[in-house]
Protein chains: 2
Amino acid sequence: MKVVKFGGTSLATGAAVKQALNIITADPARQIVVVSAPGKRHDGDIKVTDLLIRYANETINGEDTAKTVQEIFERYETIGHFFDLPDEKIKIIKELLVDLPKKDYPNDEYLLAAFKAHGERLNARLIAMIMNHLGIKARFVDPTEAGIMVTGAPNDAIVNPETYRNLAGFKYEVYDRLVFPGFFGITPSGHIATFSRGGSDITGAILARGFHARLYENFTDVDAIFSANPNVVDNPEPIRTMTYREMRELSYAGFSVFHDEALIPAIQGQIPINVKNTHAPEKPGTMIVPEKGFKPENIITGVASGKHFSALYLHKYLLNKEAGFTLRILDILEKHNVPYEHMPSGIDDISIIFDKKFLNDQLIDVLCDEIQNKINPDRLEWIDDYSITMIVGEGMRDRVGAAAGILQPLADAHISLQMINQGASQISIMLGTKRADADKAVQVIYHQFFAN
Amino acid sequence: MKVVKFGGTSLATGAAVKQALNIITADPARQIVVVSAPGKRHDGDIKVTDLLIRYANETINGEDTAKTVQEIFERYETIGHFFDLPDEKIKIIKELLVDLPKKDYPNDEYLLAAFKAHGERLNARLIAMIMNHLGIKARFVDPTEAGIMVTGAPNDAIVNPETYRNLAGFKYEVYDRLVFPGFFGITPSGHIATFSRGGSDITGAILARGFHARLYENFTDVDAIFSANPNVVDNPEPIRTMTYREMRELSYAGFSVFHDEALIPAIQGQIPINVKNTHAPEKPGTMIVPEKGFKPENIITGVASGKHFSALYLHKYLLNKEAGFTLRILDILEKHNVPYEHMPSGIDDISIIFDKKFLNDQLIDVLCDEIQNKINPDRLEWIDDYSITMIVGEGMRDRVGAAAGILQPLADAHISLQMINQGASQISIMLGTKRADADKAVQVIYHQFFAN
């Protein structure tokens with residue numbers, strides 16, 4: 001049995017849904033279907049999820065919602081009409097939409113979560129109706145029914161282990177296709193809470209683990225995961241096979257094809273993931289697997305840059321003899337709820353690297369003030385311009401000289417490195433550069449290792 | 001005015017002391033003299049400090065001390081006789097030695113400190129007597145008189161800032177030579193406490209700062225500080241000039257010619273240090289200066305390996321999303337009073353590098369148990385075989401490709417790197433290798449950068 005998940009652009013139009021249904025029916029093992037909300041039909045279009053956020057805000061602000069409701073409904077209606085689904089069946093979508101503001105929500109955050117979740121919830125219901133209309137035996141399954149339980153922030157929830165017990169006890173007929181909405185689960189008190197944005201990948205992985213699928217097929221709008229960002233490198237090579245760890249390390253620096261939180265259930269269940277293109281399902285796509293099982297031909301699998309970092313540099317003489325120095329810094333960060341990414345240290349120096357999304361100008365000043373006062377460094381410098389490039393490959397494991405082979409072409413290209421960090425992970429090298437050099441670093445590494 | 005300090009081998013025999021006196025009198029600016037205890041006269045000899053430790057232990061254990069006292073006294077007596085110093089002058093040394101057990105000590109640690117300190121204290125007194133006997137106007141100055149105040153552990157004390165106020169107010173005649181014992185100071189309650197072993201370098205630096213010397217000359221038994229350990233590399237090049245930071249970073253990995261704690265007062269007073277050879281004072285030795293003031297010709301200044309490290313490797317999926325992960329590890333280390341050296345981190349991995357001197361087998365087990373239970377990593381591995389090689393040079397600052405130039409020859413020599421860490425310090429690269437590769441790494445780097 002396989003779990004098959006379709007992304008928003010794969011379900012944006014009737015024609016796209018038809019293509020998805022062709023894929024589903026082409027393989028009887030594709031029994032569990034997970035759907036996203038309808039995405040953009042063309043450049044400049046609005047995703048249904050964004051329309052639902054607008055609807056939620058209008059509701060919260062007591063504004064007129066009729067136009068937004070109609071705009072949302074028409075997206076589903078158009079898809080239904082493509083398959084000649086009768087209006088008396090489609091109208092349930094409108095009713096559910098109109099009813100949304102009448103439900104009880106603990107607060108506006110939960111209201112927002114529930115509205116957003118209906119992008120997937122209504123789409124799964126619609127697609128199940130279409131399938132049955134076309135004679136494909138299918139059943140819509142709501143997370144409430146299957147017991148996909150979550151805890152945490154209403155718009156950034158995490159799965160509760162209870163979910164797997166519930167799924168183990170969930171009975172379904174062997175030849176049914178089950179259509180699940182992605183993106184959300186149910187809190188212990190029965191409210192809707194969503195995963196982080198793009199979270200339908202997570203639902204797919206949870207179901208793959210829960211139902212012990214032998215494969216999790218993730219259909220999206222690209223042929224494969226590429227060894228470098230196609231916006232940075234022309235026609236980068238697709239990755240045929242990569243390990244969970246390679247995916248995870250590349251995600252960190254900006255590979256965004258597959259949601260990295262979705263890797264967790266897949267890893268826990270050791271379910272291989274196949275990222276494929278809805279519009280070219282005959283192509284092999286990218287397999288994400290526990291272990292490669294063979295010595296990789298290429299030393300590196302992929303290279304990516306993330307430009308969303310900053311760093312704090314501290315120098316203090318005999319710093320490394322000062323017990324508790326790092327502990328005091330981490331206490332200050334913890335107090336202000338600021339996580340750090342990495343902390344490379346020299347003998348009397350330490351750099352603390354941050355993800356910029358957890359910072360703002362005021363917070364930076366407060367942190368620097370407090371560290372200056374409590375730690376009293378000889379030198380404190382805030383480096384706003386910080387980019388991290390990850391060069392990742394299982395082929396680097398136990399390969400003497402991998403680092404030298406990576407650094408030499410960067411030196412030849414006159415790219416100045418603010419940080420070189422290798423050691424904790426044997427399958428990657430992490431480099432710090434100025435933001436302006438990040439894309440160039442990716443290009444140089446790509447052309448060095450994938451040129452031919 | 002210069003402060004001039006002589007190490008133990010430079011004062012081990014009458015002939016050696018004569019050479020030291022020639023050096024002192026050759027320059028009228030050499031007014032402040034700091035002496036160590038007499039060191040080894042030949043391979044297999046015992047340092048006076050070690051004889052004093054034996055004397056302290058015999059005293060603590062209530063054993064007979066007469067033989068040890070005589071052995072210590074004869075070391076000073078032989079030096080005095082070399083200069084025809086009359087016995088009625090030398091006998092004060094014996095009296096002070098014999099009186100040592102009669103003094104009051106808060107505990108055995110203070111007793112040990114006071115006994116050890118007399119290696120220097122008696123030597124300074126003897127040398128001042130010899131100088132006066134030879135017609136060189138000199139005066140013995142005890143730390144009590146000058147106000148060298150210390151706090152902390154009796155055998156690992158640190159200087160108290162009050163010392164500098166005391167030295168500023170200390171009056172001495174301009175043409176006097178003042179002879180200070182190195183290695184120890186006086187606690188607020190008036191007891192003797194010593195610096196860490198080799199601490200006469202520290203006394204010299206404190207006096208250089210306190211008296212605003214224009215140079216601190218440190219006479220030892222080697223021609224210079226070498227760019228690599230002469231036991232690892234044949235005839236390594238001497239370092240003519242290096243910065244405080246270069247010295248500090250090389251000390252970390254095992255350069256032991258100059259005590260690294262002694263750098264602090266020198267840096268605070270911005271006093272240049274000249275490490276020279278007592279037996280070849282005409283050679284320029286090594287200058288340790290605040291800044292080089294010129295672009296160094298060579299990219300690297302020195303290379304050294306320390307083999308006294310271990311590492312703990314942890315892997316946990318989505319580790320870097322777990323707030324407070326590092327904080328909890330550091331809390332565990334703090335609780336067991338174990339400092340860490342470095343903590344390179346990947347995306348889902350972290351390595352914690354320790355100095356083995358703070359660990360033992362039982363402690364390693366306790367730490368690993370506690371980290372396993374409280375942090376629950378997916379993988380925990382203790383790496384006992386860990387060596388750190390430091391490649392240091394101000395010439396690496398802003399030099400694109402320095403790292404590549406260092407790593408390539410190591411790769412060519414098939415040396416496998418467990419860690420590459422560059423970033424916090426711009427003037428060094430830190431490499432982790434297995435212990436068996438450490439010397440080879442030093443040799444490869446040395447021959448790459450100093451071959452001609």
Side-chain angles (χ1 to χ4, degrees), chain A residues 244-245 248-249 251-252 260-261 263-264 267 313-315 317-318 320-321 323-324 326-327 330-331 333-334 337 339-351 390 398 400-405 407-412 414-425 428-430 432, chain B residues 244-245 248-249 252 260-261 263-264 267 313-315 317-318 320-321 323-324 326-327 330-331 333-334 337 339-351 390 398 400-412 414-425 428-430 432:
Chain A
Y244 296 139
R245 284 191 65 180
R248 166 78 179 124
E249 304 218 0
S251 290
Y252 179 76
D260 69 345
E261 279 180 49
L263 280 172
I264 309 173
I267 291 174
Y313 168 82
L314 300 172
H315 176 79
Y317 195 72
L318 286 190
N320 90 326
K321 296 206 171 179
T326 326
L327 198 56
L330 292 185
D331 277 334
L333 297 181
E334 171 108 330
N337 220 358
Y340 80 95
E341 301 293 306
H342 304 284
M343 207 158 43
S345 62
I347 310 306
D348 291 329
D349 317 75
I350 194 163
S351 291
M390 294 289 301
D398 301 323
V400 169
L407 298 186
Q408 192 57 57
L410 295 172
D412 295 342
H414 302 288
I415 292 171
S416 173
L417 302 178
Q418 304 191 42
M419 167 188 64
I420 304 168
N421 176 8
Q422 196 206 13
S425 163
S428 66
I429 291 181
M430 189 186 294
Chain B
Y244 296 139
R245 283 192 66 180
R248 166 77 178 125
E249 304 218 1
Y252 178 77
D260 69 347
E261 279 179 50
L263 279 171
I264 309 174
I267 290 174
Y313 168 82
L314 300 174
H315 176 78
Y317 195 73
L318 287 190
N320 92 325
K321 296 206 169 178
T326 326
L327 197 56
L330 292 184
D331 277 333
L333 298 181
E334 172 106 330
N337 220 0
Y340 79 95
E341 299 294 306
H342 304 285
M343 204 158 42
S345 61
I347 311 305
D348 292 327
D349 317 75
I350 194 163
S351 290
M390 294 288 302
D398 302 323
V400 170
I406 285 164
L407 298 186
Q408 192 57 58
L410 294 171
D412 295 342
H414 302 288
I415 293 171
S416 172
L417 302 177
Q418 304 191 43
M419 168 188 65
I420 304 168
N421 176 6
Q422 195 205 12
S425 163
S428 66
I429 291 182
M430 189 186 295

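Bear in mind that the values here come from a model prediction, so they are computed numbers and not experimental data. Here is the naming used below: chain letters follow the sequence lines, and residue numbers restart at 1 for every chain.
Annotation: side chain of A/Arg245 is in contact with side chain of B/Asp349 (closest heavy-atom distance under 4.5 Å). When side chains are defined from C-beta on, A/Asn421 does not count as touching B/Asn421, because their heavy atoms never get closer than 4.5 Å.
Interface summary for chain A: among B/Gln422, B/Glu249, B/Met430, the most heavy-atom pairs under 4.5 angstrom belong to B/Gln422. For the set B/Ala402, B/Pro409, B/Ala411, the entry with the most heavy-atom pairs within less than 4.5 Å of chain A is B/Ala411. Chosen from B/Ile415, B/Ile429, B/Val400, the residue pairing most often with chain A at heavy-atom distances under 4.5 Å is B/Val400. Listed options A/Leu407, A/Ile350, A/Ile420 were ranked by heavy-atom pairs under 4.5 angstrom with chain B; first place goes to A/Ile420.
The shortest heavy-atom contact between B/His342 and A/Ser345 is ND1-OG, 2.7 Å.
Of the two parts of A/Asp412, neither the backbone nor the side chain holds a non-hydrogen atom closer than 4.5 Å to a non-hydrogen atom of chain B. Neither the backbone nor the side chain of A/Ser428 comes within less than 4.5 Å of any heavy atom of chain B. Heavy atoms closer than 4.5 Å to chain B are found in both the backbone and the side chain of A/Met343. Contact of A/Gln418 with chain B is made through the backbone alone, with heavy-atom distances under 4.5 Å. Both the backbone and the side chain of B/Ile264 come within less than 4.5 Å of a heavy atom of chain A.
Residues meeting the side chain to side chain contact (heavy atoms under 4.5 Å, CB included) test with B/Ile267, sequence neighbours left out: A/Tyr317, B/Tyr244, B/Leu263, B/Gln270.
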